[in-house]
Undergrad: 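The following block contains the structure, expressed as C-alpha cells.
Here is how names work: the chains are called A, B, and so on, in the same order as the sequence lines, proteins then strands, and each is numbered from 1. The analysis underlying the following values was restricted to heavy atoms, covering all of them including side chains, and did not include hydrogens, waters or symmetry mates.
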Amino acid sequence: MTSAGTNIHLFNTLTRKKEKFKPLTDSEVKIYTCGPTVYDYAHIGNFRAFIFEDLLKRWLIYRGFKVTHVMNLTDIDDKTIKGSQKQGIPLNRFTEFYVEAFFEDIKKLNIQAADKYPKATEHIPEMVALIKTLMTKGVAYKGEDDSIYFSVNKFSEYGKLSKIKVGELKTGARVSQDEYAKEEARDFALWKAWTPEDGEVFWETELGKGRPGWHIECSAMSTKYLGATFDIHCGGIDNMFPHHENEIAQSEAATDKKFVNYWMHNEHLQVEGKKMAKRLGNFYTLRDLLSKGYDPIAIRYLLMSTHYRQQFNFTFEGLESAKNAVDRLRNFIRRLKETKEQENRGKVAKFVEKLEGDFGSAMDDDLNIGTAIAALFDFVREINNLLDLNAVSKKEAKVIEDTISKLDQVLGVIGKVENRETLPSEVEVLVQKREEARKNKNWKEADAIRTQLKAMGIILEDTAQGVRWHKDKS
RNA sequence: GCUGGGGUGGCCGAAUGGUUCAGGCGGUAGCCUGCAGAGCUGCUCUAUAUGGGUUCAAUUCCCAUCCCCAGCUCCA
C-alpha cells in the first residue's frame with residue numbers, strides 16, 4: 001500500500017453525507033472522543049459508543065494510518081459533585097473510583113486504550129486561558145451572577161453541526177435561576193461562579209472563584225493534545241447538541257480555524273424495544289451483565305454488529321445469539337489448527353482474496369460492519385466445506401489463520417484460540433479414562449465422564465482426528 | 001408542539017428502482033457420529049409498518065397515517 005487508507009468514506013455529521021476521508025497529515029489521524037462522566041459505572045449504551053470508536057480506530061490502523069486518540073474524562077460537573085457530596089468524600093477520590101472501574105470495563109470489552117485520557121480537573125489553566133481569549137475577543141461576557149457565558153449571537157455559524165436554528169430554539173420548560181443572568185437564553189456557561197451547593201469544589205482563578213462549564217473542557221483539551229484543527233471527533237448522538245455545537249463555537253471563535261473536519265455520532269441503543277432507563281428496570285451496566293454470567297466478548301460483538309448510525313435494540317436473546325456467533329468463529333479456528341494435510345490443493349487463495357476484498361470495501365464504506373461480518377461468515381462456510389473434504393493443507397490453514405487474525409485485529413472478538421492448553425492432570429486422567437472406555441465401547445462410562453467434565457467446564461468433542469476439548473467460554 | 005433518524009423473515013440485522021431481498025442466531029430434516037458436539041446440505045410457510053401515488057417495474061422515490069427513538073432539558 002503506497003498511501004494509507006485511500007478509499008475510506010465516513011459519514012460526516014457536518015455535511016450529513018458520506019465523504020472520502022482525508023486526514024490533515026498524510027497517514028496520520030488525530031481523533032478526539034467524548035469519554036465518560038465518572039460519577040457511576042458506565043452502562044452498555046456508553047459502551048456502544050466506545051466500541052464504535054474502537055472499531056473506527058482499529059479500522060484506520062488496519063488501513064495503515066497512525067492514529068492518535070484522545071479521550072477525555074469528565075470528572076467535574078453537577079453529577080460528580082453531587083455524588084461526592086452524597087458519599088462525603090473529596091471529589092477526586094469519588095471520581096478516581098469510577099475512572100478505575102471504567103478502565104477495567106474497557107479492558108474486558110477489548111477496547112484499545114486511548115493514547116491519552118486527560119481529566120478536566122487537571123486542565124483548569126488551559127480552560128481559563130481559552131475563556132480569557134474568548135472574553136478578549138468579545139464573544140464571552142460575565143453575567144450578573146459572575147458566571148461567564150458564551151454569546152451565541154456573536155458566532156454566526158452557531159448551529160452548523162446540529163442544523164438547529166438558534167432563533168427557533170424552545171426556551172425550555174425548566175428555566176433555572178441562572179438563565180436570568182444571561183443576556184440570551186441560549187448562551188451557555190463557560191465558567192460557573194461558585195455557589196454554596198458546590199461546597200468544597202472550586203478553583204480560585206483570574207476568572208473568579210468557581211468551576212468550568214461542561215463544554216469548555218473538550219475544547220481546551222482537544223486543542224492541547226491534537227491541535228487547533230484535527231481530523232475526527234466522535235460521540236453519542238445526544239452530544240451533537242448542545243455539547244458539540246458549543247465546542248465548535250468556543251474553539252472556532254477562539255482560534256479562527258476550523259475545529260474538526262469529520263464529526264461522527266453514534267445512535268443510541270434501546271433495551272427490549274424501550275429506551276434504557278433506570279425507572280424502567282432495563283438499565284444495564286457492563287457489570288450487571290457480567291454478573292449474570294455473560295461473556296464480555298459476546299457483549300462486544302453484539303454492540304459492534306449493528307451499524308453505528310442505526311438505533312440498536314439490545315435484548316438478551318440477541319446476546320445469546322452473539323455468543324453463539326463468536327463460538328462459531330472460534331470453533332472454526334480450532335478446526336483449522338487440526339488440519340494435517342500436507343498437499344496444497346490451491347483452493348484456498350481465491351477465498352482469502354475475496355474475503356479481504358469484501359471485508360475491506362464494506363468497512364471502507366462508513367464502517368459497514370454488517371456486510372463485513374457477512375463476508376467473514378461466507379468465508380468460514382466455504383473453508384469449512386473444504387475442510388470437510390480434507391482439501392486444506394497445513395500451510396493453507398496457516399494462511400487462513402493469519403488472515404482471520406488480521407481481521408480480528410479490527411473486530412477484537414476471536415482472540416487467541418488454543419487447542420493445546422495444558423490440562424490439569426486430574427482432567428487429563430479423566431480424558432484418558434474416557435478414551436479407554438470408548439475403545440472398549442463402554443459408552444455408558446464414556447458419556448458419564450463427558451458429563452462430569454462438562455460440569456468442570458471442559459467440553460469434549462470426538463473427531464476423526466481423535467478427541468478434542470476446549471474450555472466452555474461463557 | 002417543532003426538528004431529525006427509524007419501522008425488513010421466529011429473533012437480530014444488511015442491501016437495492018428490476019434476475020433467487022446478505023449474514024448471524026433459533027427451529028427443523030438429512031449426511032457424518034456409538035451417542036453428543038462441531039461441520040456441511042435442504043427447509044423455515046405471502047419478510048420490507050399501513051394506505052395511496054409516480055414508474056414498464058418499488059422494499060427502495062413521493063404523499064398521508066400509525067408506531068418507536070432522539071434533540072429542543074449539562075444522559076453514549
Undergrad: At 4.0 Å (heavy atoms only), tell me whether A:Arg328 reaches a base, stays on the sugar-phosphate, or touches nothing.
TA: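 If one applies the 4.0 Å heavy-atom cut-off, A:Arg328 turns out to touch the sugar-phosphate alone, with no base involved.
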Undergrad: On RNA chain B, check which nucleotide each of A:Val380 and A:Asp365 is closest to and give me the residue with the more 5' one.
TA: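 Counting from the 5' end, the first nearest nucleotide belongs to A:Asp365.
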Undergrad: Would you kindly check if the NZ (Lys) or CZ (Arg) of A:Lys79 is within the cone defined by 45 degrees around the ring axis of A:Tyr39 and under 6.0 Å from the six-membered ring centre?
TA: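 Checked: cation-pi criterion met.
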Undergrad: Please pick, from B:rC40, B:rG39, B:rG37, the nucleotide with the shortest atom-to-atom distance to any side-chain atom of A:Thr463.
TA: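 Closest of the options to the side chain of A:Thr463: B:rG37.
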Undergrad: How is A:His307 classified with respect to the nucleic acid when contacts are heavy atoms under 4.0 Å: base, sugar-phosphate, or nothing?
TA: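 Sugar-phosphate, backbone atoms only, no base.
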Undergrad: Can you tell me how far P of B:rU73 sits from NE2 of A:His215, to the nearest Å?
TA: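 Computing the A:His215:NE2 to B:rU73:P distance gives 11 Å.
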Undergrad: Remember a base hit wins even if backbone is also touched, and classify A:Ala374 as base, sugar-phosphate or nothing at under 4.0 Å, heavy atoms.
TA: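 Base, at least one base atom sits under 4.0 Å.
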Undergrad: Please work out if A:Asp238 contacts a base, only the sugar-phosphate, or nothing of the nucleic acid, heavy-atom cut-off 4.0 Å.
TA: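 Contact class for A:Asp238: base.
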Undergrad: If B:rC11 has a Watson-Crick or G-U wobble mate with both distances under 3.5 Å, name it; if not, just say none.
TA: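 Its partner is B:rG24 (Watson-Crick or G-U wobble, both distances under 3.5 Å).
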Undergrad: On the side chain of A:Asp447, is there an atom forming a donor-acceptor pair with the base of B:rG34 - under 3.5 Å, no angle test?
TA: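 Side chain to base: pair present.
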Undergrad: Counting side-chain heavy atoms from C-beta on, which of B:rG23, B:rA76, B:rG34 comes nearest to A:Leu269?
TA: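 The closest nucleotide is B:rA76.
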Undergrad: Which part of the nucleic acid does A:Asn246 contact within heavy-atom distance under 4.0 Å: base, sugar-phosphate only, or nothing?
TA: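 A:Asn246: no heavy atom of the nucleic acid under 4.0 Å.
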Undergrad: Please determine whether a side-chain nitrogen or oxygen atom of A:Lys275 lies at a distance below 4.0 Å from atom OP1 or OP2 of B:rA70.
TA: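 Indeed, a polar side-chain atom of A:Lys275 lies that close.
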Undergrad: So, applying side chain to side chain contact (heavy atoms under 4.5 Å, CB included) with A:Trp191, which one of A:Ile216, A:Asp146, A:Leu207 is it?
TA: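 Result: among A:Ile216, A:Asp146, A:Leu207, A:Leu207 is the only option passing the side chain to side chain contact (heavy atoms under 4.5 Å, CB included) with A:Trp191.
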Undergrad: With a 4.0 Å cut-off on heavy atoms, is A:Ile369 in touch with a base, just the backbone sugar-phosphate, or nothing at all?
TA: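 It contacts nothing in the nucleic acid.
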Undergrad: With sugar-phosphate meaning primed atoms plus P, OP1 and OP2, does A:Glu320 contact a base, only sugar-phosphate, or nothing at under 4.0 Å between heavy atoms?
TA: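 A:Glu320: no heavy atom of the nucleic acid under 4.0 Å.
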Undergrad: Between A:Leu319 (CG) and B:rC11 (C1'), how many Å, whole number?
TA: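 Those two atoms, CG and C1', are 13 Å apart.
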